[in-house]
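Each remark here refers to the structure printed beneath this line.
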Amino acid sequence: MDLLQLSHEFKIDKLRKLCEEAISPSISIENSSIIMKRAHEIGAQAEELKNTCLNYILMNYQQVIATNSYYDLPKALIKEINMLVAQYGVKVMINNRNDNNH
């Protein structure tokens, strides 16, 4: 991520692309929020990486929101994620108890 930041600062697009290609396969439940936050801080040059993280988070929403790092995201990013969750109808299990026992 530091090298990605430097590629942005020095406007080295080829290095930026290589960094994004190297980082993308390592996105996981635990680090997707952290990577998305850093990409957001870098700005427009890391928009593709941010979107990759966003897609990953949407695909793994239930597990990602259970991590502490998700709640370290800026409120604007959480709002963006929540709007997409609502728009695309991502399923969220509130709990996994069987409510048919009533």
Self-check item: 4.5 Å side-chain heavy-atom contact, Lys37 and His40
Solution: no
Quiz item: When rounded to the nearest 0.5 angstrom, what is the spacing between CG in Leu49 and CG in Leu54?
Solution: 11.0 Å
Quiz item: What residues form a side chain to side chain donor-acceptor pair (under 3.5 Å) with Asp13, not counting sequence neighbours?
Solution: none
Quiz item: With no hydrogens and no angle check, is any side-chain donor or acceptor of Tyr71 less than 3.5 Å from a backbone partner on Ile65?
Solution: yes
Quiz item: How far does CZ of Arg16 sit from CD of Glu21, to the nearest 0.5 angstrom?
Solution: 9.5 Å
Quiz item: Glu47: what forms a side chain to side chain donor-acceptor pair (under 3.5 Å) with it, not counting sequence neighbours?
Solution: none
Self-check item: Nearest non-hydrogen partners of Val64 and Tyr70, listed with the distance
Solution: O-CB, 3.4 Å
Quiz item: Hydrophobic clusters join Ile, Leu, Val, Met, Phe, Trp and Tyr when side-chain heavy atoms are under 4.5 Å apart, directly or via other members; which others share one with Leu18?
Solution: none
Quiz item: Does Ile34 sit in a hydrophobic cluster with other residues, and if so which ones, taking ILVMFWY side chains as linked at heavy-atom separations under 4.5 Å, directly or through other members?
Solution: none
Quiz item: Should side-chain heavy atoms under 4.5 Å link Ile, Leu, Val, Met, Phe, Trp and Tyr, which residues sit in the same cluster as Met59?
Solution: none
Quiz item: Which residues pass the salt bridge (charged side-chain N to carboxylate O under 4.0 Å, His left out) test with Glu48, sequence neighbours left out?
Solution: Lys17
Quiz item: Is Ile12 isolated, or which residues cluster with it under the ILVMFWY side-chain rule of less than 4.5 Å, directly or via members?
Solution: Leu3, Leu6, Phe10, Leu15
All N/O donor-acceptor pairs, side-chain side in residues 75-90, below 3.5 Å, sequence neighbours left out:
unit_1	atom_1	unit_2	atom_2	d
Glu80	OE1	Lys50	NZ	3.2
Asn82	OD1	Tyr61	OH	3.2
Asn82	ND2	Ile78	O	3.3

Quiz item: Which pair of non-hydrogen atoms, one from Ala39 and one from Met1, has the smallest distance, and what is that distance?
Solution: N-CE, 4.0 Å
Would you list the atom pairs, donor with acceptor, under 3.5 Å between side chains in residues 22-31 and any protein atom, with sequence neighbours excluded?
unit_1	atom_1	unit_2	atom_2	d
Ser24	OG	Glu20	O	2.9
Ser26	OG	Ile23	O	2.6
Ser28	OG	Glu30	N	3.4
Ser28	OG	Glu30	OE1	3.4
Ser28	OG	Asn31	N	3.3
Ser28	OG	Asn31	OD1	3.3
Asn31	OD1	Ser28	N	2.7
Asn31	ND2	Ser26	O	3.0

